[in-house]
There are 2 protein chains.
Amino acid sequence: MLDTRELFEKHTLRCTRQRVELYETLAACKCHPTAEQLHRMVAERSPGTSLATVYNTLEAFTDAGLCRKINSSGGARYDADVSDHLHVVTTDGRLMDVPPEVGDEILRAIPRAALDRVQERLGIKVAHVEVLLRTS
Amino acid sequence: MLDTRELFEKHTLRCTRQRVELYETLAACKCHPTAEQLHRMVAERSPGTSLATVYNTLEAFTDAGLCRKINSSGGARYDADVSDHLHVVTTDGRLMDVPPEVGDEILRAIPRAALDRVQERLGIKVAHVEVLLRTS
DNA sequence: TTTCCTGCAAAAGCTTTGCAAGTAC
DNA sequence: GTACTTGCAAAGCTTTTGCAGGAAA
């Protein structure tokens, strides 16, 4: 298990107090927080961390592949779990993970051959499949 | 094939010039436009339609199930095609449909039983499965 | 010592809202 | 006639940016 500093080194991200705090807060959180929520959470332990830094840092993390940005109405949400997994959005705006045992079954069912055909037909390279279940 | 007025009646939406124009513009468009883009397109034929009305109307359409809202960075996009189909987002921000022949194969592969298990485990009712392919 | 990061405040999007006038039913 | 819709402008969000000082490598 890499510690946070090593993780940053591996991705050539400078290791600052704010980044460590932010990453560990996000990683410890199962709730897919918004930037605003993360800012509040981090502010408790690390007063003075600015919201601009939270946004900049989350972008750096996302670009580096250390977290995932999930677009949703009312502000993007972030997830430090970058493994393939599914999300559920409820009508009242909650966002949660699909339990991995069930999610994996769905992901494994997606035929590789079909994805290959999409790539060929559209002339693109599919890097990631995102699945969102919506409640009514 | 229902005409636009009948479609609105079926969904108890009042039939106004702006709504008809907007719906037909969106339906004729394969490009998943933003509210801003739709506003520009509509403004050519129907000068004076306000951006606020575009937003309000798109929300009414979405609530009624006449179109779908796709959250993405840089503003939501709208799609009058409400049938089950997949989207691709490229890194440069383009959003397009996966060709239906291939998309259907992927959707059909999703095991009903797994979705049932998600519902049971999370105590929710899954109304819609949204699949987004991302390029790297 | 160089380069990048941070905080602050201001600006820049995107989206919603209040209200008066207008329109569908 | 009643209830809903529209346009306008203003306000409310979320997110980005410029810049000066500070910290990492």
Side-chain angles (χ1 to χ4, degrees), chain A residues 3-23 25-26 32-43 45-64 66-78 93 95, chain B residues 3-23 25-26 32-43 45-64 66-78 93 95:
Chain A
D3 76 2
T4 306
R5 154 163 243 114
E6 290 167 330
L7 191 63
F8 287 177
E9 271 168 14
K10 197 172 140 193
H11 292 273
T12 46
L13 285 170
R14 289 214 173 165
C15 186
T16 68
R17 182 178 54 81
Q18 293 88 336
R19 289 182 171 194
V20 172
E21 202 65 69
L22 196 59
Y23 181 76
T25 303
L26 181 57
H32 312 95
T34 63
E36 184 77 45
Q37 290 171 326
L38 266 169
H39 180 238
R40 271 200 298 276
M41 290 188 243
V42 164
R45 317 179 97 238
S46 201
T49 299
S50 83
L51 185 55
T53 296
V54 172
Y55 274 106
N56 290 335
T57 303
L58 287 171
E59 186 181 5
F61 287 171
T62 306
D63 290 348
L66 247 59
C67 77
R68 197 153 285 162
K69 181 179 181 179
I70 307 159
N71 295 310
S72 67
S73 13
R77 288 155 174 282
Y78 296 86
L95 177 67
Chain B
D3 76 1
T4 305
R5 154 163 244 110
E6 290 167 329
L7 191 63
F8 287 178
E9 271 168 16
K10 197 172 137 193
H11 292 273
T12 45
L13 285 170
R14 289 214 175 166
C15 186
T16 68
R17 182 178 55 79
Q18 293 87 336
R19 288 181 171 194
V20 172
E21 203 65 68
L22 196 60
Y23 181 76
T25 303
L26 181 57
H32 312 95
T34 62
E36 185 77 47
Q37 289 171 326
L38 266 169
H39 180 237
R40 272 200 300 275
M41 290 187 243
V42 164
R45 318 179 97 237
S46 200
T49 299
S50 83
L51 184 55
T53 296
V54 172
Y55 274 106
N56 289 335
T57 304
L58 287 172
E59 186 181 5
F61 287 172
T62 306
D63 289 348
L66 248 58
C67 77
R68 198 154 285 164
K69 182 179 182 180
I70 307 160
N71 294 311
S72 68
S73 11
R77 288 155 172 283
Y78 295 86
L95 176 68

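Every chain is numbered from 1, with letters handed out A, B, ... down the list of sequences. All values below were derived from every heavy atom in this structure, side-chain atoms included, with hydrogens, water molecules and symmetry-related copies excluded.
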Quiz item: In whole angstrom, what separates B/Leu58's CG from D/dT6's P?
Solution: 11 Å
Quiz item: Hey, is the side chain of A/Ser73 poking within less than 4.0 Å of OP1 or OP2 on C/dC14, counting only N and O atoms?
Solution: no
Quiz item: So does A/Gln18 get a side-chain nitrogen or oxygen closer than 4.0 Å to the phosphate oxygens (OP1/OP2) of C/dG7?
Solution: yes
Exercise. Please name the residue in the list A/Ile70, A/Thr34, A/Thr62 that meets the side chain to side chain contact (heavy atoms under 4.5 Å, CB included) test with A/Tyr78.
Key: A/Thr62
Quiz item: What's the shortest heavy-atom distance between B/Ala60 and B/Leu13, and which atoms?
Solution: CB-CD2, 4.1 Å
Practice problem: Return the value, rounded to whole Å, for the distance between atom CZ of A/Arg77 and atom P of D/dT15. | Solution: 11 Å
Quiz prompt | Identified side chain to side chain contact (heavy atoms under 4.5 Å, CB included) counterpart of B/Arg19 within the set B/Leu66, B/Thr57, B/Thr53 | solution = B/Thr57
Practice problem: Could you tell me whether the side chain of A/Glu6 reaches within less than 4.5 Å of the side chain of A/Lys10, counting heavy atoms only? | Solution: no
Self-check item: Minimum-distance pair of heavy atoms, taken over all atoms of B/Arg77 and B/Gly93
Solution: NH2-O, 3.7 Å
Quiz item: Looking at side-chain heavy atoms only, is the closest gap between A/Val20 and A/Arg5 below 4.5 Å?
Solution: no
Quiz item: To the nearest angstrom, how far is A/His11 atom NE2 from C/dC5 atom C1'?
Solution: 19 Å
Quiz item: Which of the following nucleotides, C/dG7, D/dT6, D/dG7, is nearest to the side chain of A/Thr49?
Solution: C/dG7
Quiz item: Under the 3.5 angstrom rule, does the side chain of A/Ser46 hit a backbone N or O of A/Val42 as a donor-acceptor pair?
Solution: no
Quiz item: Going by heavy atoms in the side chains, are B/Gln18 and B/Glu21 under 4.5 Å from each other?
Solution: no
Quiz item: Could you give the angle between the helix axes at the two ends of the helix from C/dT1-D/dA25 to C/dC25-D/dG1, with five pairs per end, rounded to 10 degrees?
Solution: 50°
Exercise. Give the rounded distance in Å between these two atoms: CZ of B/Phe8 and C1' of D/dT5.
Key: 13 Å
Quiz item: Parallel, tilted or perpendicular: which describes the rings of B/Tyr23 and B/Phe61, with under 30° parallel and over 60° perpendicular?
Solution: perpendicular
Quiz item: B/His39 side chain to B/Thr49 main-chain N or O, any donor-acceptor pair under 3.5 Å?
Solution: yes
Check the interface with nucleotides 15-19 of chain C: list each N/O to N/O pair with the protein under 3.5 Å, or write none.
| unit_1 | atom_1 | unit_2 | atom_2 | d |
| --- | --- | --- | --- | --- |
| C/dT15 | OP1 | B/Ala76 | N | 3.1 |
| C/dT15 | OP2 | B/Tyr55 | OH | 2.7 |

Quiz item: Given atom CD of A/Gln37 and atom C1' of D/dT14, what is their separation to the nearest angstrom?
Solution: 13 Å
Exercise. Would you check, one step at a time, whether the test side-chain contact (heavy atoms from CB on, under 4.5 Å) holds for B/Cys67 with B/Leu26?
Key: CA-CA 9 Å; B/Cys67 77; B/Leu26 181 57; 3.9 Å; yes
Please write out the pairs of protein N or O atoms and N or O atoms of nucleotides 19-25 of chain D separated by less than 3.5 Å, giving the distance to one decimal.
| unit_1 | atom_1 | unit_2 | atom_2 | d |
| --- | --- | --- | --- | --- |
| D/dA24 | N3 | A/Arg14 | NH1 | 3.3 |
| D/dA25 | OP1 | A/Cys15 | N | 3.3 |
| D/dA25 | OP2 | A/Arg5 | NH2 | 3.2 |

